[in-house]
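Naming: A, B, ... by sequence-line order, numbering from 1 per chain.
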Number of protein chains: 2
Amino acid sequence: MDPLTEAKKKLMPEMTDLLTKRYQILQTIQMEEPIGRRTLSELAGMTERDIRKETDLLRGQQLIEAKTAGMAISPQGIEVLEALKEFMREMSGLSNMEKQLKAILGISQVLILPQDSDDIPAVKTKIGKEAARLLEMKFPLHKKIAVTGGSTMAAISKEISSDKRDRSLQFIAARGGLGEDVLHQANTIASLFAEKTGGAVKTLYLPDHLSAEAYEMMMREPVIKEMMDLYDETDVVVHGIGNAEEIALHRKSSPEEVEMIRKGGAVSEAFGYYFDNEGNVVYRIRTAGIQMEQVQKAKAILAVAGGRSKAKAILSYFNIAPRQTVLVTDEGAARKIIELTTKQEEF
Amino acid sequence: MDPLTEAKKKLMPEMTDLLTKRYQILQTIQMEEPIGRRTLSELAGMTERDIRKETDLLRGQQLIEAKTAGMAISPQGIEVLEALKEFMREMSGLSNMEKQLKAILGISQVLILPQDSDDIPAVKTKIGKEAARLLEMKFPLHKKIAVTGGSTMAAISKEISSDKRDRSLQFIAARGGLGEDVLHQANTIASLFAEKTGGAVKTLYLPDHLSAEAYEMMMREPVIKEMMDLYDETDVVVHGIGNAEEIALHRKSSPEEVEMIRKGGAVSEAFGYYFDNEGNVVYRIRTAGIQMEQVQKAKAILAVAGGRSKAKAILSYFNIAPRQTVLVTDEGAARKIIELTTKQEEF
DNA sequence: TTCAAGTTGGACGGTTTTTGTCCCACTCAA
DNA sequence: TTGAGTGGGACAAAAACCGTCCAACTTGAA
């Protein structure tokens with residue numbers, strides 16, 4: 001930390017807490033607007049009185065506006081949040097946590113966003129926004145981009161800016177269909193990316209749960225083979241990380257599949273692979289999709305997952321995640337990951 | 001002001017006052033140590049309770065130590081003061097006041113130090129220190145340095161560091177003797193400078209109040225003429241600015257001199273010249289010394305004067321001060337000068 | 001040595017501010 | 001229309017703050 005800030009802290013020890021508190025309130029208001037005192041106090045974990053005092057001040061500073069429907073952030077408030085973003089990352093230790101995660105997960109870049117998407121759904125939007133920014137930076141160099149499905153991936157697609165259109169981009173669905181949830185399927189997401197950027201899209205429509213024979217047969221089809229070749233040429237992979245149980249329940253999995261997943265001690269899921277705590281592949285869905293070996297070859301990989309409930313899954317997957325993977329997550333997940341790993345060290 | 005600080009101010013409006021208050025207290029403690037609560041509260045213009053609260057905090061932060069003789073600053077406290085120096089100059093508007101003074105006085109560099117040497121004598125030490133730093137910067141390029149007398153000049157001589165000794169420096173007393181006050185005479189001060197730097201010194205011992213005939217005679221003496229030639233070659237002039245009345249009273253001035261000074265409306269004094277509010281020379285002491293024309297030719301001029309009581313004198317002198325003059329002063333004088341000039345504009 | 005001035009830390013009651021907790025009138029979407 | 005949610009007002013209890021002493025001590029001068 002720079003000596004000036006250090007000195008200020010010495011002279012005003014209250015500063016850190018105050019700044020953090022108000023920043024967090026302002027941030028939560030931005031995400032949940034319009035919001036009232038009582039709801040806000042629950043989200044922020046403070047008493048209503050405290051919230052009231054601080055919001056009165058923020059209103060006095062014209063950083064928020066109090067309408068009848070609730071409080072909302074003002075343009076000035078947004079500016080303040082923006083100006084303090086980097087500083088708060090440093091101050092609240094996010095920057096430091098990023099370093100720790102890099103070491104724990106064995107990768108070279110981690111981005112942590114404040115708060116926990118388990119508590120505040122809007123944090124997912126922030127994750128999506130930052131992931132979108134990171135992805136956009138790859139566009140000039142890397143054109144073939146494989147994407148998976150999931151709500152997190154959907155959040156990214158929403159935040160891709162349509163400003164920098166690039167017709168040479170090609171988005172590839174990393175997976176076949178996933179049963180019913182159309183909005184969050186890889187195919188849908190890939191199409192959304194393509195639409196926003198003006199690029200092309202390659203989709204892969206296949207039932208999720210094929211019999212062994214049907215699977216073999218399909219793999220020999222020219223359309224499918226073409227996809228498999230595309231996976232080989234993939235430059236960038238963008239994917240979410242799922243909780244094994246959640247996903248298994250959510251999908252129409254056959255009883256024997258669920259059994260495999262349970263018995264194998266699967267914790268995480270990515271690209272249709274299920275991994276246990278040590279990162280071993282416990283099970284794999286028999287659907288066409290990108291292979292782990294093909295992911296390894298990608299020049300850039302963006303793994304996106306947030307919320308403390310995803311901590312175990314993230315840890316599990318990163319046992320075998322390629323080195324070049326970049327993780328975008330949130331404070332909730334990061335804290336939990338650090339907690340889990342430091343606890344293990346105690347034993 | 002940088003956007004980050006701006007944003008912090010928005011989020012913590014209390015910051016400015018708090019920081020200023022504590023900084024000022026810490027600063028005063030440094031200058032007046034050891035000092036007690038009551039004395040400190042008078043100097044800082046705060047209630048004893050307030051001082052107590054803040055000093056308790058500062059002690060908690062280990063920035064000051066409370067001994068039985070009073071409170072004193074700790075090494076850490078000095079570090080904090082040092083680290084915040086520039087920031088506080090900006091924050092407290094000193095930086096801005098410097099700009100204003102430059103415009104008002106028509107010069108290109110002004111340095112203002114916090115507080116008022118009329119209230120806190122130790123501020124004079126700070127002024128001396130900064131002036132000494134500025135002067136030292138000239139040493140490598142400019143070797144012939146003329147200095148005047150006065151308590152402010154004495155303060156500078158005390159703060160010249162003996163680290164960077166330079167035997168090629170030559171210090172010249174800008175004036176002959178000044179009656180009794182030996183310690184603050186130009187001759188003494190010049191010798192002090194020379195001693196600290198290892199340089200040479202040229203002194204000029206002459207009675208202050210000569211008759212017209214004696215004066216003419218002396219000016220023809222070779223020793224004196226030599227000095228006058230030296231003045232022509234002077235690179236740097238360092239001088240104080242005095243209040244006309246004060247100086248006239250302090251010196252053993254003849255009644256007719258006092259009369260001249262009074263009638264002429266003299267306000268300031270420098271180099272033995274008395275100036276009125278418009279900068280006209282009202283009277284000049286008949287002693288050998290540097291001429292105003294010779295001062296004009298100097299490459300660098302350092303004018304040093306602090307305390308709100310000097311404000312009028314400073315304003316008066318700067319009517320005719322050479323452009324290349326640099327002023328070192330304090331907050332008290334600066335505020336008063338700005339107050340005086342903006343009031344005039346109202347009429 | 002004595003004394004006066006100045007120091008810190010402790011104490012305490014009156015005063016102000018803060019805090020927790022209601023209530024009310026209102027909005028807005030269902 | 002209803003009901004959940006909103007901001008603002010209000011108020012008593014609790015806490016913090018403030019002004020003001022005092023006692024014990026140090027220190028430097030007389």
Check: With no angle test and no hydrogens, is the base of D:dG7 tied to the side chain of A:R38 by a donor-acceptor pair under 3.5 Å?
Finding: yes
Check: Rounding to a whole Å, what distance do you find between A:D56:CG and C:dG20:C1'?
Finding: 15 Å
Notebook entry, point to check: Among the nucleotides C:dG20, C:dT8, C:dC22, which one has an atom lying closest to any side-chain atom of A:R49?
Noted result: C:dG20
Item checked: Any B:T68 side-chain N or O less than 4.0 Å from OP1/OP2 of C:dT7 -> no
Notebook entry, point to check: For the pair made of CD1 in A:I51 and C1' in C:dT19, what is the distance, rounded to whole Å?
Noted result: 14 Å
Notebook entry, point to check: Donor-acceptor pair under 3.5 Å: do we get one between B:R52's side chain and the base of D:dG19?
Noted result: no
Next item on the list: Taking only the side-chain nitrogens and oxygens of B:T39, find out if one of them lies under 4.0 Å from OP1 or OP2 of C:dT7.
Entry: yes
Next item on the list: Could you state the atom-to-atom distance from CD of B:E32 to C1' of C:dG6 in whole Å?
Entry: 14 Å
Notebook entry, point to check: Can you find a heavy atom in the side chain of A:R38 that is under 4.5 Å from one in the side chain of A:I51?
Noted result: no
Checklist line | Rounded distance (Å) that lies between atom C1' of C:dG10 and atom CD of B:E48 | finding: 13 Å
Margin query: With side chain to side chain donor-acceptor pair (under 3.5 Å) as the criterion, how do B:Q61 and A:K9 come out once you've worked through the C-alpha distance, each side chain's angles and the decisive distance to 0.1 Å?
Written below: CA-CA 10 Å; B:Q61 295 293 102; A:K9 244 191 191 169; over 6 Å; no
Checklist line | 5' priority, DNA chain C, between B:M71 and A:K53 [closest heavy atom] | finding: B:M71
Note to self: What is the distance, to the nearest angstrom, from the CD1 atom on B:I35 to the P atom on C:dT7?
What the structure shows: 7 Å
Next item on the list: Indicate yes or no: does A:R335 engage A:D116 in a salt bridge with an N to O separation below 4.0 Å.
Entry: no
Check: In whole angstrom, what separates A:D50's CG from C:dT17's P?
Finding: 18 Å
Next item on the list: Output yes when at least one side-chain N/O atom of A:K67 is less than 4.0 Å from OP1 or OP2 of C:dT27, else no.
Entry: no
Notebook entry, point to check: Expressed in angstrom and rounded to an integer, what is the separation of B:I29 atom CD1 from C:dG6 atom C1'?
Noted result: 16 Å
Note to self: Could you check whether the side chain of A:R37 and the base of D:dG8 have a donor-acceptor pair of N or O atoms closer than 3.5 Å, going by distance alone?
What the structure shows: yes
Next item on the list: Please check if atom CD in B:E195 has more than 12 non-hydrogen atoms from other residues, nucleotides or ligands closer than 6.0 Å.
Entry: no
Checklist line | B:E54 CD - D:dC18 C1' separation (whole Å) | finding: 13 Å
Next item on the list: Would you mind reporting whether B:Q115 and B:Q27 have side-chain heavy atoms less than 4.5 Å apart?
Entry: yes
